[in-house]
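Shown next, in structure tokens, is the structure this report addresses.
Each residue takes its place number in the sequence, starting with 1.
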Amino acid sequence: MEPKRIREGYLVKRGSVFNTWKPMWVVLLEDGIEFYKKKSDNSPKGMIPLKGSTLTSPCQDFGKRMFVFKITTTKQQDHFFQAAFLEERDGWVRDIKKAIKCIEGGQKFARKSTRRSIRLPETIDLGALYLSMKDTEKGIKELNLEKDKKIFNHCFTGNCVIDWLVSNKSVRNRPEGLMIASSLLNEGYLQPAGDLSKSAVDGTAENSFLDNPDAFYYFPDSGFFCEENSSDDDIILKEEFRGVIIKQGCLLKQGHRRKNWKVRKFILREDPAYLHYYDPAGGEDPLGAIHLRGCVVTSVEGNPDGKKSEEENLFDIITADEVHYFLQAATPKERTEWIKAIQVASRTGK
């Protein structure tokens with residue numbers, strides 16, 4: 001019997017020879033990880049055995065690269081993967097750790113717990129806590145804060161984080177809240193914004209996190225950006241990024257000139273409604289943007305060029321200016337989710 005497929009999707013992998021980062025179609029099996037140059041390839045480009053392997057997350061070996069995790073095999077070979085966003089990284093890490101544990105215990109991988117009773121974890125679940133903090137109604141409120149003639153958008157202060165942890169009864173007191181907030185920061189669930197909070201992370205303060213109204217922080221991929229004294233053109237451009245992120249992930253996009261397909265990281269924002277796409281292998285600036293106000297999005301059956309191919313799960317975004325963008329999702333479910341999210345943004349966003 002073939003090993004069961006546990007999870008699959010696009011991740012960016014660091015090459016073992018040239019050390020370049022490239023998007024790969026990655027498949028997690030019960031006993032290993034296969035990675036392919038394209039989803040449609042019949043044979044994998046490589047395979048990583050999980051037996052005896054260890055996983056490190058977060059992996060902070062690459063400076064500005066976020067959402068990276070590392071798998072070290074029994075032969076001491078390191079394999080580095082980068083996810084598109086935090087929740088995606090945590091999902092891969094959770095399943096890989098469980099697969100390794102099942103191999104060690106001689107058990108079959110199963111998502112459903114076999115425990116007869118549910119007990120509270122001995123330590124706080126940082127991932128679950130992070131999702132509670134991001135809740136739009138009961139979580140920490142994201143604000144636009146000003147300091148040193150700069151405006152920090154979609155962020156919050158250090159003392160607000162501790163206030164929320166205490167009031168939410170996640171911790172008993174502020175010192176305990178400071179310890180949890182430092183853990184959230186170290187694990188990448190919070191990011192520093194501004195000189196004060198960044199200097200604390202760099203080790204110039206006693207704690208990496210500061211319970212301070214002048215220390216600013218933000219959620220990764222929340223839409224955070226900093227405005228300085230800028231021209232009117234800069235302000236208009238930055239208006240695109242004010243919208244709250246409602247969906248993100250990797251899709252295949254067809255080029256307008258060569259008609260070739262490339263993996264791109266997409267971030268969907270509402271109010272204003274924009275779909276920005278990036279090189280998933282690196283780069284903070286988007287390669288392009290699709291203004292969704294008044295657009296039409298529909299599923300496409302068959303290749304948009306009318307040629308025979310194995311393309312599936314396609315959809316087409318037609319902007320108000322009648323420009324077509326052809327995208328491909330990994331599964332029918334993913335395609336439906338993207339279409340619904342884009343339709344909502346196109347109706348409600350500016």
Side-chain angles (χ1 to χ4, degrees), residues 66-67 83-91 94 124-146 151-171 177 180-181 183-185 187-194 197 209 211 213 215-227 238-251 265-278 286 289-293 295 297 333-334 336-350:
M66 297 171 65
F67 321 130
F85 53 99
L86 185 60
E87 293 93 328
E88 183 182 52
R89 183 202 70 183
D90 288 352
R94 186 167 53 248
I124 290 179
D125 184 340
L126 294 179
L129 183 60
Y130 161 75
L131 292 176
S132 298
M133 295 170 78
K134 281 189 70 177
D135 186 276
T136 52
E137 293 183 2
K138 298 180 181 179
I140 296 174
K141 302 302 178 188
E142 296 180 73
L143 305 168
N144 295 338
L145 303 173
E146 187 172 356
I151 299 175
F152 297 85
N153 298 268
H154 294 292
C155 67
F156 37 83
T157 64
N159 66 321
C160 281
V161 174
I162 308 300
D163 288 344
W164 185 89
L165 289 170
V166 173
S167 63
N168 201 48
K169 297 183 180 178
S170 298
V171 297
I180 296 300
S183 298
L184 287 163
L185 185 65
E187 289 292 317
Y189 293 104
L190 299 177
Q191 293 292 321
S197 55
F209 187 91
D211 180 4
F216 299 163
Y217 300 91
Y218 63 94
F219 297 123
D221 281 353
S222 66
F224 167 81
F225 67 95
C226 176
E227 293 177 278
K238 287 173 182 175
E239 184 73 23
E240 295 180 12
F241 301 96
R242 288 186 181 274
V244 175
I245 293 173
I246 57 174
K247 189 170 179 60
Q248 56 189 314
C250 287
L251 297 166
K265 174 185 173 181
F266 285 84
I267 295 181
L268 174 61
R269 292 179 170 89
E270 63 174 357
D271 196 25
Y274 276 90
L275 184 63
H276 292 94
Y277 51 95
Y278 301 74
I290 306 171
H291 191 194
L292 299 176
R293 180 63 176 168
C295 79
V297 56
K333 181 184 176 184
E334 186 182 51
T336 301
E337 289 173 351
W338 272 104
I339 289 174
K340 286 182 177 178
I342 291 169
Q343 285 174 337
V344 170
S346 68
R347 290 195 301 267
T348 61
K350 289 189 286 186

_Minimum heavy-atom distance C155-Y218, with the two atoms named_ = CB-CB, 4.0 Å
*asked:* What I'd like to find out is whether the side chain of I290 reaches to under 4.5 Å of the side chain of Y277, using heavy atoms alone.
replied: yes
_Quick check for you: to the nearest 0.5 Å, what is the distance between I246 atom CD1 and T136 atom OG1?_
12.0 Å
_With rounding to the nearest 0.5 angstrom, report the CD1 to CG distance, I140 to L165._
6.5 Å
*So H276 and Y278, would you call those rings parallel, tilted or perpendicular, with 30° and 60° as cut-offs?*
tilted
*Test L86 against Y130 for side chain to side chain contact (heavy atoms under 4.5 Å, CB included), laying out the working first.*
CA-CA 10 Å; L86 185 60; Y130 161 75; 3.6 Å; yes
*Could you tell me whether a side-chain N or O of R293 sits under 3.5 Å from a main-chain N or O of R347, the two making a donor and an acceptor?*
yes
*Using a 4.5 Å cut-off on heavy atoms from C-beta on, say whether the side chain of H154 contacts that of V244.*
yes
*Taking the side chain as every heavy atom from C-beta outward, state whether L268 and W338 have any atom pair closer than 4.5 Å.*
yes
_Once rounded to the nearest 0.5 Å, what's the spacing between atom CG of N153 and atom CG of L145?_
9.0 Å
*For F216, does its backbone N or O pair with a side-chain atom of S197 as donor and acceptor, under 3.5 Å?*
yes
_Under the side chain to side chain contact (heavy atoms under 4.5 Å, CB included) test against W164, which residue among K141, K138, M133 passes?_
M133
*asked:* Rounded at 0.5 Å granularity, tell me how far NZ in K340 sits from NZ in K247.
replied: 11.0 Å
*Is there a side-chain contact between V297 and L292, using heavy atoms and a 4.5 Å cut-off?*
no
*Would you check, one step at a time, whether the test side chain to side chain contact (heavy atoms under 4.5 Å, CB included) holds for I267 with F85?*
CA-CA 10 Å; I267 295 181; F85 53 99; over 6 Å; no
*asked:* Pair K265, E88 - check salt bridge (Lys or Arg N to Asp or Glu O under 4.0 Å), show working.
replied: CA-CA 12 Å; K265 174 185 173 181; E88 183 182 52; over 6 Å; no
*So do D125 and L129 actually touch side chain to side chain, heavy atoms under 4.5 Å?*
no
*Could you check R269 against F241 for side chain to side chain contact (heavy atoms under 4.5 Å, CB included), going step by step and ending with a plain yes or no?*
CA-CA 7 Å; R269 292 179 170 89; F241 301 96; 3.7 Å; yes
*Could you go step by step and tell me if F219 and F156 meet the ring-ring contact (aromatic ring centres under 6.0 Å, His included) rule?*
CA-CA 9 Å; F219 297 123; F156 37 83; 4.8 Å; yes
*Under a 4.5 Å cut-off applied to non-hydrogen side-chain atoms, are Y189 and D90 in contact?*
yes
*To the nearest 0.5 Å, tell me how far E142 CD sits from K134 NZ.*
7.5 Å
*Quick one: SG on C250 to CZ on F266, what's the gap to the nearest 0.5 Å?*
9.0 Å
